[in-house]
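Step one of this worksheet: look at the structure below.
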Amino acid sequence: MAAQEMAALLFWFFTALLLRGYFVHGQGLQIGFYDSYCPDAEDIVRSTVEQYYDKDATIAPGLLRLHFHDCFGCDASVLITGASSERSAPQNFGLRGFEVIDEAKSQLEAVCPGVVSCADILALAARDAVDLTGGPSWSVPLGRRDGRISSASGARALPSPADPVSVQRKKFADQGLSDHDLVTLVGAHTIGQTDCQFFSYRLFNFTATGNADPSIGQAFLAQLRALCPPGGDPSRKVALDLGSPGAFDVSFFKNVRDGGGVLESDQRLWGDAATQGVVQGYAGNVRGLFGLRFAYEFPKAMVRMSSIGVKTGAQGEIRRRCSRTN
């Protein structure tokens, strides 16, 4: 082979290698992204989450909700403080876990400055929160970069506790997520909490009828009324899965099937033919047979959701502090 042909062949070979590296590392997410740049990154996030979880187990659903609210967009914009930031939007009322992310970021900056994004810390912390509550673990594709823009208007895409299924479906479909993804991701409510103010309207004078929401089971209605009586504390915390609060399992779906969904948006999943089928699959039938494998499907749905609108490559930045842009 002539020297000129060999030189041309080598040129294209190394060009292909460079392009492969660009597309894998620059244009998409990758499992083990920090293995070479910051090999202890995932362990540092995990140990930080464990530290806070050991002191207060309710931080787990807080971290999971924080990640959900960062996506659709998954660029850590929800962490930025400011009068008109995404964090200040009414939809993000009561978000928790900021201190966990800040602590993990501080430790990472000490050993790998300017390497690990706040968006990736959020994705890892959510995974670890699920694992610590008895749920599945999974490999998180990494390589997100942090956004530079945070606006309260960005929270409008988030589902609301009173959304009918048609609205929930559209909000998820707008992000490329299916009905199956919708039900699967809502299953995170198995470890969630809410305030009385977000569902008490269902208990006494629903839609100005003078009666409770008819979709609530009678025994469950009495339980909710005792927790959130008229004139009670609207900020009182109530588990979204009263059957097994704090445990990541399929009890939530059994509750919805049996009229025990706390939020209206959750209970409405049983009234729609498409979403009801997924709920039933996870809950199992009345004879107790196992349904679809929630622990298998949830990680897949999480990976899909946490890849929505990510910034990679030269987009965005790696924030030095998660609460503000560089």
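Starting from 1, each residue takes its place in the sequence as its number.
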What's the shortest heavy-atom distance between [X] and [Y], and which atoms?
| X | Y | result |
| --- | --- | --- |
| L182 | Q168 | CD1-OE1, 3.7 Å |
| Q280 | R257 | OE1-CD, 3.8 Å |
| L63 | V49 | CD1-CG1, 3.9 Å |
| R46 | D128 | CA-OD2, 3.3 Å |
| A76 | L122 | CA-CD1, 4.2 Å |

Report the distance from atom CG of L95 to atom CG of N92, rounding to the nearest 0.5 Å. 4.5 Å

Any pair counted as disulfide (SG to SG under 2.5 Å), so long as it reaches [range], sequence neighbours left out:
| range | result |
| --- | --- |
| residues 297-326 | C118-C322 |
| residues 153-216 | C196-C228 |
| residues 47-93 | C71-C74 |
| residues 150-184 | none |

Cut-off 3.5 Å, side chains only: do [X] and [Y] have a donor facing an acceptor?
| X | Y | value |
| --- | --- | --- |
| Y34 | D120 | yes |
| Q107 | E103 | yes |
| T58 | R96 | yes |
| R321 | S106 | no |
| T207 | Y201 | no |

Tell me whether R236 is salt-bridged to D195, with the criterion being a basic N under 4.0 Å from an acidic carboxylate O. no

Assess whether a salt bridge exists between D174 and K170, defined as any Lys/Arg side-chain N lying under 4.0 Å from an Asp/Glu carboxylate O. yes

Which ring pair (Phe, Tyr, Trp, His ring centres under 6.0 Å) pairs, counting each pair once, include a residue from residues 215-236, with sequence neighbours left out? none

Give a yes/no verdict on a cation-pi contact between R87 and F98, requiring under 6.0 Å between NZ or CZ and the six-membered ring centre and an angle within 45° of the axis. yes

Quick one: side chain to side chain donor-acceptor pair (under 3.5 Å) partners of [X], sequence neighbours excluded?
| X | answer |
| --- | --- |
| D35 | none |
| S244 | D241, D249 |
| Q267 | none |

Any R156 side-chain heavy atom under 4.5 Å of S153 side chain: yes

Are the side chains of H67 and S306 in contact, using a 4.5 Å heavy-atom criterion? yes

For R145, enumerate each residue passing the salt bridge (Lys or Arg N to Asp or Glu O under 4.0 Å) test, keeping only those at least two apart in sequence or located in another chain. none

Identify, with sequence neighbours excluded, every residue that meets salt bridge (Lys or Arg N to Asp or Glu O under 4.0 Å) alongside D75. K311

Report the C-alpha separation of D131 and R127 in whole Å, then their side-chain angles, then the decisive distance to 0.1 Å, and conclude whether the salt bridge (charged side-chain N to carboxylate O under 4.0 Å, His left out) test is met. CA-CA 6 Å; D131 183 45; R127 185 270 310 272; over 6 Å; no

Please identify each residue that fulfils ring pair (Phe, Tyr, Trp, His ring centres under 6.0 Å) with F72, with sequence neighbours left out. F172

Restricting to ring pair (Phe, Tyr, Trp, His ring centres under 6.0 Å), what partner residues turn up for F248, sequence neighbours left out? F294, F298

What about [X] and [Y], same hydrophobic cluster or not, with Ile/Leu/Val/Met/Phe/Trp/Tyr joined at side-chain heavy-atom distances under 4.5 Å?
| X | Y | answer |
| --- | --- | --- |
| V45 | M302 | yes |
| W270 | L263 | no |
| F68 | V262 | no |

Walk me through it: do R320 and E109 pass the test salt bridge (charged side-chain N to carboxylate O under 4.0 Å, His left out)? CA-CA 7 Å; R320 290 185 289 270; E109 285 296 299; over 6 Å; no

Qualifying residue, where the test is side-chain contact (heavy atoms from CB on, under 4.5 Å) with S77 and the options are D70, I149, T325: D70

